[in-house]
Amino acid sequence: CVCVRESECERESVCVDTWDPFQLNPIGAEKEKKRTLFRILQNLVAVIVGLLVLVSGVMSKGSLLVLTTLTSPVSLRNNVDKQFYTLMLMCVLVMPNLLMFLKSLWKCVFKSYVSPNPRTLGIMCGIESLVAVGTAILVLIVMPKLDVLTNLSIPGGICILSAVLQIAFRLQTQSWMILYPICSLILVLSGYVLLVVDYYVRESSYVPGQVEGCYIYVGIAIFASLLVSLNWWENPFQASTNIQEMLSELDTFRDAIYLFTSLIRIALTLGVYFLYYCLIAEADARINWNAFTKASKGTVEIGLGLFFLQAFCSAACHWFGVVACKIHSMTFAFALPVSLTGPATLILGMILFLTQAEISADNFTVKTPFWPFCHELETLKDVNTTPVVMLEISYSICKTSLNNPNAMWPFSMLALEGVCMWLGLVSCTYYVWRIKVQRIERTSQLFVRRLYESAFIDLSMLLNTKMKAVRTANKESGNDEVENCVIYLCATMWHETYDEMLKIMTSMFRLDRYRGDPKEEHKDCFDFECHIYVDDGFMLEKDTEKKLVNTYVCDLIQVIMEVYRVFTNKEPDEVSIIETPYGGRLVIVMPEGNMLYIHIKDKELIRNKKRWSQIMYLYYLLGWKGYNVKNPQKITRQNNPSRASLISLDGESYLLPSYDNDSKRRHISDENTYIMALDGDTDFHPAALILLVDRLRMYDTVGAACGRIHPTGMGPMVWYQKFEYAVGHWLQKTAEHVFGSVLCSPGCFSLFRGSALMDDNVLKRYTTKATRASEYVQYDQGEDRWLCTLLLQQGWRVEYNAASDAFTNSPQEFKEFYNQRRRWGPSTLANTLDLLHSGKDTVKRNTSISILYILYQTFTVASSILGPASVTLMVAGAFQFVFGIEGTLSIIIAVVPPAVYMLICFVAKPNFQITIAAILSVIYAFLMTASFFSIIGDMVKQETFITPTGLFLVSGAILYMVTAILHPQECTLIIYGLMYFICIPSGYLLLTIYSLVNMHIVSWGTRESNKAKEQKKQVGAVCNRDCKMCCWDVKIQVTQETENLVLQQIQQAVNPNTPAAKTEPEEPKAQSSHEVQNSLDANKHILDYIEEMPHWVEPVKKEFLKKLTYANLKRNLQEQIRYTLRNKNQEDLCEELVLILTDTLNEELRDKVGPEDVLSVSQLEELQYALNEAARRIVKTNRIENGAQRLERRVKRAIERTLVAPQVEKLSEDEQDFWNKLIERYLLPIQDNKAHLEEVTRELKSLRNKAVFLYFIINVLWIVATFFLQAIGTDVLSINIPKYYPNGTLAPDPLRVEPLSLMFLLSFALLLIIQFLAMLYHRVYTLIHVVSYRSTEKDYKEKDEEDEEEGLILGNPVNLTVTADDL
C-alpha cells in the first residue's frame, strides 16, 4: 500500500488482494429495519391516547351536565345547595380563561411581549365579549332550566356560523364537498325546529317538572348558541383569502391579545353570574351570601369534586387531543373519539337511568313504565351523598317526554333533535377526518385558538381544528421543491485515529443508504452532501522535500475504501482529485449517488484548527456556493477537459450528482439550508439527523438544534463522563430548553440553519481573530459555545432534542480529560458572562430569553463560582462524619489541600499539576466513599433520615433514579452515579483550580502531535538504506520502477528482438491541455494526467487506481451489474449478465495481465468494447418486450462506471478566485511576531490572575462565613428543625442547622426541583416526537419504471442549462 502509518506497530495494508478477501465490517453498517415491536407499541399508544380522549371528554361533558342538573330550579336539592352548585358551575366557565391568562402571562414575561394593534385588539375584545356573554347565558341561565338530554344536544347548534361561512367562502377542495356544510346547516335548523316542537308538546301534554316560560328559555338558548358560534370565526377566515393581513398581524401578538381577552371573559362571566343571580332571578334563587357557609359537607364534597373533575378532564381531553394529532393518529385517536363524546355520554346516562328505572319499577304495575320510578324519586330528595348524582340525573330525564302520562312517542322528537345536532356537527367538521399532519406539528398549526371551551369540550376541539393547516414540509403531494431542504454534513478532523475515522465514515454512508438516490423522492424531503475538512493534512518528505499527504490522510483514504467495500462490496466508482489553493480535495460519489468531499488543508497555505475550518466551509457553502446556485447566469464556466463523468466513453452526456444538488438548491431558501457540524469521530444514525431537521423545519426562530451526546470509551474517566453527560442532558439542557434556550450546541453534533448563520453579527463576527486575552479564552477555547452565544444575542433560539443520539469518543486518560476541561471551563464562564452582560439587549431581541431566564442563569453561574467552596465544605463535613473532628477544625483541614494545590499550579508545569491532581483525586475518592457510608451510618444511628444531610442524600438519590427510569434506554447509567459522587472533589474543586490557574495556556491540549515532521514511507521501495562511511553519508534506494527498468534493459541486451516484459502496467505520460482535450474527444480520457501535477496527487491516485486491477475488476463488475438492475424484476437476466460478462472479462484479460496489475488505457478500451458487445447480445437474445434499449443503456453505463479511473481535475477560475480571496481576507496562516506573542502572554496571565483572585475572594468569603458560624456555635445562631422518627413520632431534641448552609441547601434543592419538572415536560414531548417519527421512518419510493438516465442526461427535470462550455 502507498499509505502506511508509522508507529510502533505499523498498520498493515488494507488493500484488497486476491489472497486477502477479508474485510472489517464496522458496527452499524447493516441495513436499518423498522422495528415491529416499536410499530406495535406505536399503535398501542394511539389506542391508549384515543381512549383517554374519549374517557376524559365523556367525564368533562358528564360532570358539566350533572352540575347544570343540580342547579335546576326543579331539582330535588334545597336552595343552599343550588347556590353552591351554581357557584361551581360559574368556576367551571372561568377556569379555562384563567389558565389561558396564566399561559399568556408566562409567555409575555418569559418570552416576549409585542404590543397589539389597537384596532385588532378592539375587534378581538368585541368578539370575545359576545362569546363570553353567550356562553355565560347558555350555561348559567338557560341550561339549568332545561332537562339533561336537551342540554346534551342543544350545544350542537354552535357550529351554525362555521357552516354558513364555509358555504359563503366555498372552502372545499372539491365542489361537491359543499354539500357537507349545507347539510350541516339544514340539520342544525331542523334540530332547532324539533326543539321548539318538543317543548310545545311537553307544555300541551302537561309533562311534570317543566319550568315556567320554557319557550322563552328555548329562544334564549338559540340566541346564545349563535353568540357562542362566533368563538371560531377565525377558522373559516384563515382558510380563505379574506382579511389575511389582519390574521397574519394577529399571530405576531396573539399572546398579548389573549392576555386581555381572557381577563375580559372572566369579568363578563362573573358579571352575568352576579347580575342574574343578584337582580333578575327569582327571590328563592338569588344569592344569599350566608348560604355558602351553610352548605353541608356532602354538598361541598360533591360540588368541589365535580368542579375539579370537570376542570381536569377538560384540560386532559384537550391535551390528549393535541397529542393524538401530533402522533399521526388524527382519525382514530382524535376525530373518532371526540365525535363520539356526545353519543357516548348519552348512552352512559341512559344505561344508568334504565338500570335504576328497571330496579324501581318492579313493584309497580302501570301503563307508562317510567312514571312510578319518576314519582318515587321525589321521596329521595333528602339524600345528600354520592348517589345524589344518580338521583338528580334520573329526575332530570324524567322531565322529558319519557315521563309523559299519555304517550311516549313525543320523546322521539327529542331523540331526533339530538341526532340532527350531532350529524350537523360531524358534517360541519368533515375536514377533520381528512387532515394530513406532518411528522412534528406545532399546536398553532393544528388549532386556531389556544383556548378550549370547557363547557363544550368536544365541539370546541372539532371546530377549533384548522380547516387549512399551514404546511412547511412533508406535504401529501411530496413534490414541492420549495419545501425540500439541503443538509451539508461538515466534519472537521484533527489527528483522528483509524477507528475514529471509521465511525464518522460509517455514519455518512448509513445516511447515503437511508436517503437513497438523490433523484428519487424521499418522504423526509431532504438532500445532502458530506464535507470533511482535514486539518494539517500534508507533510514534507524527508530529503526530497516533496509535499505529500500525511499518514492521517492516508488512513482516511483507506477508511473510505474499506467502508465503501462494506456497503457495496466494490471499489468507489467516481473519484476526482483536485488541487486547491488551501491544499487539495477529493470528490467521491457515494454508492447511492450522494457526494462526499474530502478537503485536505495545508497549514502553510491556510489557517488550521476547528474554528477556521468552520469559517472555511460556512463561507464556501453558504456564501460562494449559495450565491452561485441562485445566480447561474453569472457563473463564468471554464472548460474542464478532465471531467470524465460528464462525457462518457460512448460520447453520451451526463451530469454529476454535485451539479444536480446545486440545481436543487437553487429553489431552496437559506431558511431550508442546514449545516450539520460534526467531529471526526462522531457516530450517529440517520434518525438522529432527521429528528434535528424536524425542529428547524417546524420553528422558524430556531437557529440551531443539538442532540444527546453519548461519550464512548472504557475506564474510570469515561464512566465519570457518562454520568456527567447524562445528568447534564437529563436536567440542565432540558431546563434550558423549556425555560429559555440552550446556551451551547456542541460542535460534535449540531444542526444550524443557514439563514441564522448568515444573519448580521453572527458569521461575520465569528471570523474575528483573537487579539486580546479575553478573546483568546472566549473565541478559540470553545468555538461552539461562542457561535451559539452569537446566535442567541441575534435573536435565534437553540433547542435540544433528547431522542437524537450521537456517540463521540471521550478522553480516557486523566491528563487528556483535564486538558479538555481546562479549555471548556473558562470558555463556558466567559460566554455565559457575555450573555448575561448583554442580557437586556438579548431579552429585547430573543423571544425565547426572558429576564427570569437571565436570573436563572445568574443563579447557576453563582452556584458554579461557589462550587470550590461548597465542595471544600463538603469535604469538611466528610472529615466530621468519618473522623469525628470538630466543625471548625475540619474546615481548616479541608482548606489546606486546595490551597496548596493552587500554589503548585502557579509554580509547577502543567504535567506535574495534573499528576498532583490525580493523587489528590484518589485520596478524595477514598474520603468521599467513607463519607457516604458514614452518612448512612449516621442515619441509622439517629434512627431517622429526616436530617438536612439525610434528606439531601435520599431525595437526591430518588430524584436521579426516577430521572434515569424516565430515560429507559439510558437507565443503566445510574450505576456510574457512585463513581460521579466520589469524584466530585476532583471535578468541581481540583479541576476548577487547574482550569483557572492555567487559563493563559491557549493550546488545544488534546490530539496534539509531537512530530514536527513526518517521514513518508517510500512508495514501492525495494531497498532503502542509509550508509555512513568515514566522511560520506550515502543514501541508497532502489524502487520497484528502478528494478523493472533494469530488468527490461538486461532483457533487451540479452535478446534485442524480444519486447520488454511488462512487470508493471503502462501509464501515459503527462499531456498538455490541448492533448487532453483531443484525448477526451477521442474517448480516451480514463487515465489522463494534468500538466504540472503536484507531488501529492500521484500517490493518492495510485490508491484509487487499484480498482482497475484484474482481481478487483471482476468483483466490481459483478456488484455493479447487480446494483444497476436492482428492483427491475430482472433477476434471471441479471445473473446471466453477471456470468457472461465475467467470462468475457476473463477471456480478455487471462494470460495478458497479472491479478494485481492495473490495466492500461488500450486494455480498458478493448475490454469495454468486448463487454458492451456481450451485454448487447445477451439483452437481444432475451427478447425483452418493453425497454430493451433502456436496459442496454443501463448495463453499458454500469460497465463504464466499473472501468472509469480516478480523475485529476482543476478548479474553475471563479472558485479558484473565491478561495484566494477568502484565504487572503480571513484565513491566512497566523504568523505573530515574538513581541506580540509576549504581549498576549502577559495579558493572558493578567486575566488569569484577576479571575483567580475573584474566585478566591468569593469562595474564601463563603468559607469564612461558614467557619465563623461554626465557631459561634449552633446554640447561639441556628435554625431549629423538628426531628421526626420513621414511625412519625416527634423526637425531643430538634435539629440545629446554621442558616447559611440551610440557605445553600434549599437553593440547590430548588434548582434540582425546577430542572426535574422541566425534564418531565421535555420527556413527554420527546416521546410524542419519537412516536411520530417512527411512523414515517425509512419510507421512500424507488423508481421502478423511469430510467435513471432521465435524471442524468441533459434536460433533466430540474431546469439545468448545460452549454457547450460545460462539455
Test your reading of the model: is there a side-chain donor-acceptor pair from R753 to the backbone of L696, 3.5 Å cut-off? yes
Determine, stepwise, if the pair L596 / I598 fulfils side-chain contact (heavy atoms from CB on, under 4.5 Å). CA-CA 7 Å; L596 170 64; I598 311 296; 4.0 Å; yes
Centroid-centroid under 6.0 Å between H531 and Y617 rings: no
Kindly say whether V486 contributes a backbone atom to a donor-acceptor pair with the side chain of T673 at under 3.5 angstrom? no
Give the minimum heavy-atom separation between F752 and A704, together with the two atoms involved. CD2-CB, 3.5 Å
Restricting to non-hydrogen atoms, name the atom on E496 and the atom on E500 that form the minimum distance, rounded to 0.1 Å. CA-OE1, 3.3 Å
Start with the C-alpha gap between M508 and N594, add the side-chain angles, then the distance that decides, and say whether side-chain contact (heavy atoms from CB on, under 4.5 Å) holds. CA-CA 10 Å; M508 289 181 171; N594 300 289; over 6 Å; no
Interatomic distance, M616 atom CE to L621 atom CG [nearest 0.5 angstrom]: 10.0 Å
CD (E529) and CE (M595) are apart, to the nearest 0.5 Å, by 7.0 Å
Nearest heavy-atom neighbours spanning V742 and Y800: CG2-CB, 3.7 Å
Whether the side chain of K1107 engages the backbone of V1204 through a donor-acceptor N/O pair (distance < 3.5 Å, no angle test) should be reported. yes
Heavy-atom check, side chain of V693 versus side chain of C485, under 4.5 Å: yes
About how many Å separate CH2 of W796 and CG of L791, when rounded to the nearest 0.5 Å? 8.5 Å
In terms of relative ring orientation, are F509 and Y564 parallel, tilted or perpendicular, with 30° and 60° separating the classes? perpendicular
With ring centroids as reference points, do Y674 and Y488 lie under 6.0 angstrom apart? no
Working note: D499 + K503, criterion salt bridge (Lys or Arg N to Asp or Glu O under 4.0 Å); need CA distance, chi angles, decisive distance, verdict. CA-CA 7 Å; D499 293 333; K503 291 181 180 180; over 6 Å; no
Do the side-chain N and O atoms of D573 and Q1120 include a donor-acceptor pair separated by under 3.5 angstrom? yes
I709: side-chain contact (heavy atoms from CB on, under 4.5 Å) partners, not counting sequence neighbours: Y725, H729, P746, C748, F749, A806, T808
With distance as the sole test, does N831 use its side chain to make a donor-acceptor pair with the main-chain N or O of S827 at under 3.5 Å? yes
CA sep, side-chain torsions, deciding dist, call: V1097, V1100, side-chain contact (heavy atoms from CB on, under 4.5 Å): CA-CA 5 Å; V1097 171; V1100 172; 5.9 Å; no
Between D760 and K764 (salt bridge meaning N to carboxylate O under 4.0 Å), is one present in this structure? no
Apply side-chain contact (heavy atoms from CB on, under 4.5 Å) to the pair Y552 and I600, showing each step before the final yes or no. CA-CA 10 Å; Y552 296 106; I600 308 171; over 6 Å; no
Can the positive tip of K610 be found less than 6.0 Å from the middle of the six-membered ring of W494, inside 45° of the ring normal? no
Under 3.5 Å: donor-acceptor pair, side chain of N1220, backbone of Q1216: yes
Look at R797 together with D700 and state whether they make a salt bridge at an N to O cut-off of under 4.0 Å. no
Identified side chain to side chain donor-acceptor pair (under 3.5 Å) partner of H495 from the options N550, T551, D536: D536
Is any side-chain heavy atom of I577 less than 4.5 Å from a side-chain heavy atom of W1096? yes
Gap between atom CG of L511 and atom CD1 of I487 - 0.5 Å precision: 7.0 Å
Distance-only polar pair, side chains of E1215 and W1219, donor-acceptor under 3.5 Å: yes
Does the side chain of R765 come under 3.5 Å of the side chain of T768 through a donor N or O and an acceptor N or O? no
Using modelled atom types and a 3.5 Å cut-off, is there a donor and acceptor pairing between side-chain atoms of S804 and backbone atoms of N801? no
Taking the basic N atoms (NZ, or NE/NH1/NH2) and the acidic carboxylate oxygens, is any pair closer than 4.0 Å for R565 and E562? yes
Identify, with sequence neighbours excluded, every residue that meets side chain to side chain donor-acceptor pair (under 3.5 Å) alongside D535. K601, S613
Only residue of R607, R611, K609 satisfying salt bridge (Lys or Arg N to Asp or Glu O under 4.0 Å) with D780 is R611
Any chance you could lay out the side chain to side chain donor-acceptor pair (under 3.5 Å) test for H685 and D805, step after step, and finish with the verdict? CA-CA 8 Å; H685 282 266; D805 296 303; over 6 Å; no
Heavy-atom closest pair (L605 atom, I1223 atom, distance to 0.1 Å) is O-CG2, 3.5 Å
Judged by atom type as modelled, is there a donor-acceptor pair below 3.5 Å linking the side chain of D524 to the main-chain atoms of F526? no
Which residues pass the side chain to side chain donor-acceptor pair (under 3.5 Å) test with W624, sequence neighbours left out? none
Check: Q1207/S576 side-chain N/O donor and acceptor closer than 3.5 Å: no
What distance do C744 atom SG and L792 atom CG have between them, rounded to the nearest 0.5 Å? 10.0 Å
Residues E1209, R585: salt bridge by 4.0 Å N-O rule: no
On a heavy-atom basis, the closest approach of A756 and V762 is O-CG2, 3.7 Å
For the residue pair A491 and D679, what are the closest heavy atoms and their distance? CB-O, 4.1 Å
Expected output: side-chain T506 to main-chain L502 donor-acceptor under 3.5 Å: yes
V589 and P572, any side-chain heavy atoms less than 4.5 Å apart: no
If you measure from CG on D681 to CE on M493, what distance do you get to the nearest 0.5 Å? 8.5 Å
Regarding S1212 and D1214, is there a side-chain donor-to-acceptor distance under 3.5 Å anywhere? yes
Residue pair E592 / Y514, side-chain donor-acceptor N/O under 3.5 Å: no
Indicate whether the side chain of T1202 and that of N1116 have a donor and an acceptor atom separated by less than 3.5 Å. no
Would you kindly check if the NZ (Lys) or CZ (Arg) of K625 is within the cone defined by 45 degrees around the ring axis of Y597 and under 6.0 Å from the six-membered ring centre? yes
Check ion pair R515-D527 (N to O, under 4.0 angstrom): yes
Do I588 and I560 come within less than 4.5 Å of each other through their side chains, counting heavy atoms only? yes
Keeping Y1123 on the side-chain end and P591 on the backbone end, is there a donor-acceptor pair under 3.5 Å? yes
For K769, is the NZ atom crowded, meaning more than 12 foreign heavy atoms sit under 6.0 Å from it? yes
State, without any angle test, whether E1103 and Q558 hold a side-chain donor-acceptor pair at a distance under 3.5 Å. yes
